Chemist: 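The structure's right below; bear with me while I get my questions together.
Side chains included, hydrogens not; waters and symmetry mates left out as well; all remaining heavy atoms used. Throughout, numbering of the chain's residues begins at 1 and tracks the sequence. Because the structure is a prediction, the values reported are computed rather than measured.
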Amino acid sequence: MNLNEIAQQFSLTGKIAEIKPLGDGFINDTFIIRTEGTSPDYILQRKNKNIFPNVPAMMENIRKVTDHIRKKVLAEGGNPTREVMTVVPAADGQLFFVDDQGEYWAVSVFIDDTTAYNRADSPALARKGGEGIGRFQAQLSDFHEELTETIEGFHNMTHRFRQWDASVRADAAGRVKDIAEEIGWIESRRDKMLAYRKLVDDGTIPTRVTHNDTKINNILFDKDGNVLCVIDLDTVMPAPVHNDFGDAIRTYANTGAEDDEDLDRVSLSLEMFRAYADGYLSQQASKLTQAEIDWMAFSAIYITFEQVLRFLMDYIDGDKYYKIKSPKHNLQRTHAQFRLLRSMEEQYPQMCQIIKETTENYRKC
Ligand code: GN1
Ligand code: MG
């Protein structure tokens, strides 16, 4: 089936004018469906079934979460067609369509007049981004329906190390012998990372409903620079709030690119860190527990470490998970994310101080 035939399986209004690739996600394939006249445009996605083993359950998660947020937006007098994703069902009422190759497709309404960024270009934008994720988490704070874990142990380091040990042992692509140094980066931090996870497992750090993939390009900003809508909801699951904070800092506060070939461009910007933290804590400081606040700065280290591990593990596995643009792309990503991790480790005391001051500031209000 071609893209046009697939798009026609969904309940679209308007006649399809064209379908073109969109964005640069690493997992799903994304297209925009342009329609004629005044009908809305749509986002068409081939969901990666190798990575999401239960796409129907994932779409059901997204339906529940977007229904919940839509009610909140309506109650606040907002615009429900722009401030939350709208999933478009297939003609048979299902939230997905399976094509003749067994591939899973889903459609949502395209929200126009928005901007997506790959990096925060100003502290003002970082502040708005933090505020937007703080609001997103707050909107879901009273969401109590069941959610499926769409990717097992997504940010669970115990699980990640289990996968890691198996990958290194299997050495599927024969690359382990060339990356002893990089493997050492992972091993030397193993205990520290597992110690954090223990606090989640024993309940010291609570679990709430979080996004889990808050890199900056998963957020749509309006023309005034405010967060309009949080997209890419495939990984919304119960998890510590830290995942969203840490993953956002990994992109908002990186002075270089995620896969920068010039490592000297990569570092953590404390200015962006402060701005994002300020926006986030303006929404959440009074709602989080002290343990959540105490581990907030560390979460940037944790998630960036996890990203180093995941990129390197995919390199070891022979590039099975992430889309790559060159043969050593996953290794390049590993190096760039490790440089960011080192920069965070060096500035960790300052990061902690910023979280402390900002929290006190908002708790006083
Ligand atoms: C993937 O799909 P995308 O590009 O938004 C990945 C994230 C990684 C990110 C790295 C489901 O996000 O976990 O942090 O790439 N998503 C999944 O940039 O694995
Ligand atoms: Mg994305």
Chemist: For Arg274, what residues pass the side-chain contact (heavy atoms from CB on, under 4.5 Å) criterion, not counting sequence neighbours?
Modeler: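 Partners of Arg274 under the side-chain contact (heavy atoms from CB on, under 4.5 Å) test: Ile354, Glu357.
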
Chemist: Could you report the tightest heavy-atom contact between Met85 and Arg70, atom names first, then the distance?
Modeler: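 Here Met85 and Arg70 meet closest at O-NH2, 3.2 Å.
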
Chemist: What heavy-atom pair brings Thr207 and Pro238 nearest, and what distance separates the two atoms?
Modeler: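 In terms of heavy atoms, the two residues are closest at CG2-C, 3.5 Å.
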
Chemist: Looking just at side-chain N and O atoms, do Thr235 and Thr150 make a donor-acceptor pair shorter than 3.5 Å?
Modeler: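 Absent: no donor and acceptor within the cut-off.
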
Chemist: Would you call the rings of Phe96 and Tyr104 parallel, tilted or perpendicular, where under 30° means parallel and over 60° means perpendicular?
Modeler: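 Phe96 vs Tyr104 ring planes: tilted.
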
Chemist: Taking the inter-plane angle between the rings of Phe221 and Tyr117 on a 0 to 90° scale, is it parallel (under 30°), tilted (30 to 60°) or perpendicular (over 60°)?
Modeler: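 Answer is perpendicular, since the angle exceeds 60°.
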
Chemist: What closest approach, in Å, do Pro89 and Val87 show between heavy atoms, and which atom pair accounts for it?
Modeler: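 That would be CD-O, 3.7 Å.
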
Chemist: Quick one: is the NZ or CZ of Lys215 closer than 6.0 Å to the six-membered ring centre of Tyr252, and within 45° of its axis?
Modeler: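 So Lys215 doesn't make the cation-pi contact.
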
Chemist: Within the supplied structure, the quantity of interest is the number of heavy atoms (other residues, nucleotides, ligands) at a distance under 6.0 Å from Glu146 CD; does it exceed 12?
Modeler: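 Incorrect, the count does not exceed 12.
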
Chemist: Measuring only between side-chain heavy atoms, which start at C-beta, is Tyr276 closer than 4.5 Å to Leu281?
Modeler: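 No - every pair of side-chain heavy atoms lies 4.5 Å or more apart.
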
Chemist: Can you tell me if Asp41 uses its side chain to pair, donor with acceptor, with the backbone of Thr35 under 3.5 Å?
Modeler: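 Answer holds: yes.
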
Chemist: Can you tell me how the ring of Trp295 sits relative to the ring of Phe298, calling it parallel under 30°, perpendicular over 60° and tilted otherwise?
Modeler: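 Because their plane-to-plane angle is over 60°, the rings of Trp295 and Phe298 count as perpendicular.
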
Chemist: Have Asp278 and Tyr362 got a donor and an acceptor in their side chains that come within less than 3.5 Å?
Modeler: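 On atom types as modelled, these side chains qualify, holding a pair under 3.5 Å.
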
Chemist: Could you name each residue pair satisfying side-chain hydrogen bond (donor to acceptor under 3.5 Å, both in side chains) that touches residues 170-183, not counting sequence neighbours?
Modeler: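 For residues 170-183: Arg175-Asp319, Glu182-His335.
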
Chemist: Is there a donor-acceptor pair closer than 3.5 Å between any side-chain N or O of Lys47 and the backbone N or O of Glu103?
Modeler: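 Side chain of Lys47 to backbone of Glu103, a donor-acceptor pair under 3.5 Å: no, none is there.
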
Chemist: Would you tabulate the side-chain donor-acceptor contacts of residues 12-20 under 3.5 Å, counting partners in other chains and residues two or more places apart, or write 'none'?
Modeler:
unit_1 : atom_1 : unit_2 : atom_2 : d
Thr13  : OG1    : Tyr42  : OH     : 3.1

Chemist: Is the backbone of Lys320 close enough, under 3.5 Å, to the side chain of Asp317 for a donor and an acceptor to pair up by distance?
Modeler: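 The answer is no, because no donor-acceptor pair under 3.5 Å joins these two groups.
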
Chemist: Near Lys356 NZ, under 6.0 Å, is it more than 12 heavy atoms from other residues, nucleotides or ligands?
Modeler: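 Not buried by this count: 12 neighbours or fewer within 6.0 Å.
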
Chemist: Does CD belonging to Glu145 count more than 12 external heavy atoms closer than 6.0 Å?
Modeler: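 Above 12, so yes.
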
Chemist: When you measure from the centre of the six-membered ring of Phe26, is the NZ or CZ of Arg333 closer than 6.0 Å and no more than 45° off the axis?
Modeler: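 The answer is yes, since Arg333 meets both limits relative to Phe26.
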
Chemist: With a 6.0 Å cut-off on ring centres, are His329 and Tyr315 close enough?
Modeler: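 No, too far apart.
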
Chemist: Are any side-chain N or O atoms of Asn79 and backbone N or O atoms of Thr81, one a donor and one an acceptor, separated by less than 3.5 Å?
Modeler: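 Here the side-chain-to-backbone pair exists.
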
Chemist: Below 4.5 Å, heavy atoms only, C-beta onward: do Trp185 and Thr334 meet side chain to side chain?
Modeler: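 They are in contact (side-chain heavy atoms under 4.5 Å apart), so the answer is yes.
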
Chemist: Is a side-chain donor or acceptor of Gln8 paired with a backbone partner of Glu5 at a separation under 3.5 angstrom?
Modeler: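 Side chain of Gln8 to backbone of Glu5: no pair is present.
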
Chemist: Closest heavy-atom contact between Thr148 and Ala57?
Modeler: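 Answer, listing the atom of Thr148 first, then Ala57: OG1-CB, 3.6 Å.
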
Chemist: Could you give all pairs that pass the salt bridge (charged side-chain N to carboxylate O under 4.0 Å, His left out) test and reach residues 148-160, with sequence neighbours left out?
Modeler: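 Checked against salt bridge (charged side-chain N to carboxylate O under 4.0 Å, His left out) - neighbours excluded - no pair reaches residues 148-160.
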
Chemist: Looking at Glu346 and Arg342, is there a salt bridge between them, counting it only when a charged N and a carboxylate O are closer than 4.0 Å?
Modeler: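 Answer for the salt bridge query: yes.
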
Chemist: Should Glu131 and Val227 be marked as a side chain to side chain contact (heavy atoms under 4.5 Å, CB included) after you check the CA-CA gap, both sets of side-chain angles, and the distance that decides it?
Modeler: CA-CA 8 Å; Glu131 202 181 283; Val227 169; over 6 Å; no

Chemist: Grab the two heavy atoms, one from Ser282 and one from Arg127, that are nearest each other, plus how far apart they are.
Modeler: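 Heavy-atom minimum between the residues: CB-NH2, 3.6 Å.
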
Chemist: Contact between Arg119 and Ile216 at the side-chain level, heavy atoms closer than 4.5 Å - yes or no?
Modeler: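 No - every pair of side-chain heavy atoms lies 4.5 Å or more apart.
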
Chemist: Would you say that Val230 contacts Arg135 through its side chain, given a criterion of any heavy-atom pair below 4.5 Å between the two side chains?
Modeler: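 Heavy-atom side-chain distance check fails, nothing below 4.5 Å.
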
Chemist: Just do the ring pair (Phe, Tyr, Trp, His ring centres under 6.0 Å) check on Tyr302 and His155 with the steps written out, would you?
Modeler: CA-CA 9 Å; Tyr302 179 91; His155 292 305; 7.7 Å; no

Chemist: Please enumerate all residues that pass side chain to side chain donor-acceptor pair (under 3.5 Å) together with Asn28, with sequence neighbours excluded.
Modeler: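 For Asn28, the residues satisfying side chain to side chain donor-acceptor pair (under 3.5 Å) (neighbours in sequence not counted) are Asp234.
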
Chemist: Strictly distance-based, threshold 3.5 Å: is any side-chain N or O of Thr304 a donor or acceptor partner for the main-chain N or O of Ile301?
Modeler: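 Pair absent, no side-chain N/O of Thr304 close to backbone of Ile301.
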
Chemist: Is there a side-chain contact between Ile249 and Tyr280 (heavy atoms, below 4.5 Å)?
Modeler: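 No - every pair of side-chain heavy atoms lies 4.5 Å or more apart.
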
Chemist: Which residue pairs pass the salt bridge (charged side-chain N to carboxylate O under 4.0 Å, His left out) test with at least one member in residues 283-296, sequence neighbours excluded?
Modeler: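 Salt bridge (charged side-chain N to carboxylate O under 4.0 Å, His left out) check on residues 283-296 returns Arg208-Glu292.
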
Chemist: Using a strict threshold of under 4.0 Å (side-chain N to carboxylate O), is an ion pair present between Lys64 and Asp67?
Modeler: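 Judged by the 4.0 Å cut-off on N to carboxylate O distance, Asp67 and Lys64 do not form a salt bridge.
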
Chemist: With a 4.0 Å cut-off on N to O distance, would you call Glu258 and Arg250 a salt bridge?
Modeler: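 Yes, this pair counts.
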
Chemist: Could you check whether any side-chain heavy atom of His211 comes within less than 4.5 Å of a side-chain heavy atom of Met237, counting everything from C-beta outward?
Modeler: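 The answer is no; the side chains never approach within 4.5 Å.
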
Chemist: Could you check whether any side-chain heavy atom of Asp112 comes within less than 4.5 Å of a side-chain heavy atom of Arg82, counting everything from C-beta outward?
Modeler: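 When only atoms from C-beta onward are counted, Arg82 and Asp112 do touch, with a gap below 4.5 Å.
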
Chemist: Looking just at side-chain N and O atoms, do Gln137 and Gln284 make a donor-acceptor pair shorter than 3.5 Å?
Modeler: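 The answer is yes; a qualifying pair exists.
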
Chemist: Can you tell if the side chain of Ile293 reaches within under 4.5 Å of the side chain of Thr289, non-hydrogen atoms only?
Modeler: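 The answer is no; the side chains never approach within 4.5 Å.
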
Chemist: Between Asp165 and Arg190, is the closest basic N to carboxylate O distance under 4.0 Å?
Modeler: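 A salt bridge links Arg190 with Asp165.
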
Chemist: For the pair Glu187 and Ile183, evaluate side chain to side chain contact (heavy atoms under 4.5 Å, CB included) and give the outcome as yes or no after the intermediate values.
Modeler: CA-CA 6 Å; Glu187 293 302 337; Ile183 290 177; 4.1 Å; yes

Chemist: Using the side chain to side chain donor-acceptor pair (under 3.5 Å) rule, take Ser343 and Gln347 through it: C-alpha gap first, then chi angles, then the decisive distance, then the call.
Modeler: CA-CA 6 Å; Ser343 174; Gln347 300 183 87; 3.2 Å; yes

Chemist: Can we say Glu76 and Lys72 salt-bridge, meaning some charged N sits less than 4.0 Å from an Asp/Glu carboxylate O?
Modeler: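 Lys72 and Glu76: not salt-bridged.
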
Chemist: Please find the pair of heavy atoms, one from Asp244 and one from Thr214, that lie closest to each other, and give the distance.
Modeler: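 Nearest heavy atoms, Asp244 then Thr214: O-OG1, 2.7 Å.
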
Chemist: Is a salt bridge present between Asp29 and Lys323, judged by a nitrogen-to-oxygen distance below 4.0 Å?
Modeler: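 Yes, Asp29 and Lys323 are salt-bridged.
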
